[in-house]
Amino acid sequence: MNISAIIMMASVWTVVISLSVYFFYRIYTCPKKQEPDSYSENDDDE
Amino acid sequence: MSQKSIKQPLRLVTESWGTRVGLVLAMAGNAVGFGNFLRFPVQAVQNGGGAFIIPYLISLVILGLPLLLIEWSSGRWGGKHGHHSTPFILHSLNSKALWKYVGVFGIFCNVAIASYYCYIESWTMSYIYHSIAGTFNGLDQHQTAGFFENYLDVTTSTTGIPFEGIIFYVFCLALNTWILSKGLSGGVEKASKIGVPLLIFFGIFLAIRGITMKAGSQGAIFDGFEGLNFLWTPQFDSLTNPKVWLAAAGQIFFTLSVGMGSIQCYASYLKEKDDIAANAMSAGFMNEFVEIVLGSSIIIPISVGYLGIDRVVELTGLGGLGLAFRTMPFLFEQWGAILSAVAGAAFFGLLFFAGITSSLAMGTPVLGFMKDEFKWPRERSALAFGILVLILGLPTVFFFQQGVFDEYDYWAGTVSLVVFAMLEAILFAWFYGADKGWAEIQKGADIKIPGIFRYLIKYVTPVVLIIVFFGSLIRPVADDWSKISIRGWELHNESILGQIMHKGIGPNNTYFADTLYSENAGVVDSVFIMRKKNFVRVSPEGLNTDFSKKYRYTEEQELLVKVGDRIDVGTPIIKGEITNRLMYIDLARGILLTVFAGIALLVFIAYRKRKREKNI
């Protein structure tokens with residue numbers, strides 16, 4: 001690969017992968033909001 | 001008392017998402033589609049390689065991300081008022097009657113796109129079967145391409161099952177309908193939790209294989225890096241070409257699934273205090289990862305490795321679908337029987353999961369609309385969606401070669417998205433109010449959205465969308481914008497006005513005729529019988545037979561040319577009773593207009609019903 005292609009690809013990939021991981025990490029680690037929230041995972045069944 | 005009944009007092013129990021990760025995966029699955037793997041690399045190749053990425057990223061920031069925020073927040077706002085489809089979500093943003101009918105696009109696009117999208121999805125199911133069964137083993141490149149053409153002919157069977165193309169299509173629709181009938185968390189979310197991780201896993205496997213291909217190994221003539229080099233070498237001169245910018249903006253629409261109404265629908269099941277900012281960014285960038293990192297590392301590196309750059313550039317002229325279904329199985333075959341079966345199943349498997357997570361998102365607004373307005377249970381609505389899509393989709397199956405598929409894709413899958421995105425951006429920024437909208441976006445946000453997005457949403461995004469729309473409307477021939485003049489200019493065949501006027505339809509410009517004229521220039525290089533049908537083939541001189549055009553004729557028609565004849569566009573080639581492609585094109589447009597009008601009528605009835613019930 002030529003240098004300009006490597007620089008272009010590496011920089012774009014780095015930005016995109018970093019932001020993808022960062023936002024997903026934020027979603028995964030954010031504390032749950034107080035009920036009632038939008039998600040049924042922590043609802044009581046009955 | 002249970003939490004559920006506390007949440008929804010005195011209301012019908014509404015759908016909800018099971019988990020936040022599930023919602024983000026469903027939104028990412030909605031965005032990730034065939035275009036990430038097939039359209040993006042082809043667009044990049046055709047628009048300057050690495051230089052395409054600069055307008056693409058700028059379009060992402062000024063169009064894509066603001067539209068994501070607009071759609072997520074207007075969806076959540078509409079959901080707060082009990083609306084789960086765009087006609088009444090838009091009405092909740094501004095009560096002028098017009099906006100309800102603008103919202104019709106948010107149902108129309110989904111139904112119309114699903115009808116041909118599920119057809120492609122069914123091809124991937126068939127190709128997974130054929131990859132595992134080893135059908136492609138021993139076929140040369142032309143035979144592999146021919147297999148695809150056989151598959152598209154519904155009367156031909158590649159498995160022994162009669163009308164297998166239709167069988168696979170109906171099976172695919174039935175699967176979509178069944179998942180939709182299981183509800184949001186029990187169906188769509190579960191499918192996304194399986195589909196999205198699997199497609200990323202298959203994508204990483206194929207990308208590693210593609211990039212690490214070595215010249216001389218397994219028949220490859222170039223390293224996989226040659227393809228990446230070709231794709232990522234910047235050609236900055238193309239940045240001054242408006243065509244590249246229009247292509248980049250167009251790709252952003254397709255890839256993020258904005259301007260369709262499905263994002264608003266998914267977001268309408270969120271509560272007011274729940275985050276949309278981080279969710280939108282996470283789903284958006286997951287899609288970008290799949291597109292930019294995985295999408296650029298599979299079909300181009302592998303096909304350049306075996307076919308060389310010139311041949312791949314030639315093949316991209318046939319589009320991403322052509323590359324995927326006509327060429328990739330032959331290339332995988334070079335990896336040996338076992339690996340080719342694994343690679344074929346992984347490639348068509350990732351396309352299948354990319355497709356189904358998107359088609360499920362297309363069904364959800366229809367279910368939301370029927371439930372909100374006519375109190376239909378989701379099972380009945382899912383069945384109605386499946387039947388409607390089947391009825392709409394059958395013309396694309398039967399008349400694929402006559403251009404019905406392309407018409408659906410152009411009007412529902414391209415133009416409608418731009419129109420709807422432009423109008424909803426105008427509504428959000430200038431009628432609902434950008435400042436009010438900005439406050440809505442920030443409500444419950446788990447991340448801080450940079451303040452510049454407030455100005456992008458208020459001024460830049462609507463204006464750029466208006467420019468994109470008018471650019472597409474009046475696009476000049478050869479994309480030569482210097483020809484735009486007050487005295488008029490020649491339109492591009494693919495411009496909206498050009499399409500309306502049937503520009504580029506060629507010499508067969510009536511519905512019915514007694515003579516068929518050649519639509520391409522070249523040499524008549526063969527007259528042959530295939531699948532008990534007669535064909536004459538005209539190949540352009542100096543180009544590969546992939547660019548040949550085949551004309552079918554029946555026993556009752558008379559062939560006017562013979563092998564070796566040099567012919568021009570407009571040369572009579574077949575005499576007899578002819579039904580031209582123009583008839584099918586206008587038939588497709590008529591169907592789409594009827595569907596749009598039908599949905600608008602339903603919205604009108606629903607509005608009258610709400611008024612009667614004093615529920616609006």
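Order of the sequence lines sets the chain letters (A, B, ...), proteins ahead of strands, with each chain counted from 1.
- No more than 12 heavy atoms of other residues, nucleotides or ligands shown are found within 6.0 angstrom of NZ on B:Lys190.
- Between A:Phe23 and B:Val24, every side-chain heavy-atom pair lies at or beyond the 4.5 Å cut-off.
- Not a single donor-acceptor pair under 3.5 Å links the side chain of B:Arg20 to the backbone N or O of A:Tyr39.
- Per-residue counts of heavy-atom pairs under 4.5 Å with chain B were compared for A:Val12, A:Ile3, A:Ile6, A:Ile7; the largest is that of A:Val12.
- The two atoms that bring B:Thr233 and A:Asn2 nearest to each other are OG1-ND2, 3.1 Å, heavy atoms only.
- In this structure, chain A has heavy atoms under 4.5 Å from both the backbone and the side chain of B:Asp275.
- Taking B:Glu288, B:Lys273, B:Met286 one by one and counting their heavy-atom pairs under 4.5 Å with chain A, the maximum is reached by B:Lys273.
- Remark: B:Phe225 pairs with no residue by the ring-ring contact (aromatic ring centres under 6.0 Å, His included) rule, at least two apart or across chains.
- Interface residues of residues 48-61 of chain B toward chain A, defined by a heavy-atom distance below 4.5 Å and sorted by number: B:Gly50, B:Ile53, B:Ile54, B:Leu57.
- When heavy atoms are compared at a cutoff of 4.5 Å, B:Leu23 approaches chain A solely by way of its side chain, counted from C-beta outward.
- Atom CD1 of B:Ile211 and atom CE of A:Met1 lie 8.5 Å apart (nearest 0.5 Å).
- In plain terms, the two heavy atoms of B:Ser296 and A:Trp13 that are nearest each other are OG-CZ2, 3.8 Å.
- Residues A:Met9 and B:Leu228 come closest through the heavy atom pair SD-CD1, 3.9 Å.
- Sparse packing is recorded around CD1 of B:Ile452, with 12 or fewer heavy atoms of other residues, nucleotides or ligands lying under 6.0 Å away.
- Between B:Phe289 and A:Ile17, the shortest heavy-atom contact is CD1-CG1, 3.9 Å.
- Closest of all the heavy-atom pairs between A:Ser20 and B:Phe285 is OG-O, 2.9 Å.
- Between A:Ser4 and B:Pro234, the closest heavy-atom pair is OG-CD, 3.5 Å.
- From B:Thr19, atom OG1 reaches atom NZ of A:Lys32 across 8.5 Å, with rounding to the nearest 0.5 Å.
- Contact annotation for B:Asn279: both backbone and side-chain heavy atoms come within less than 4.5 Å of a heavy atom of chain A.
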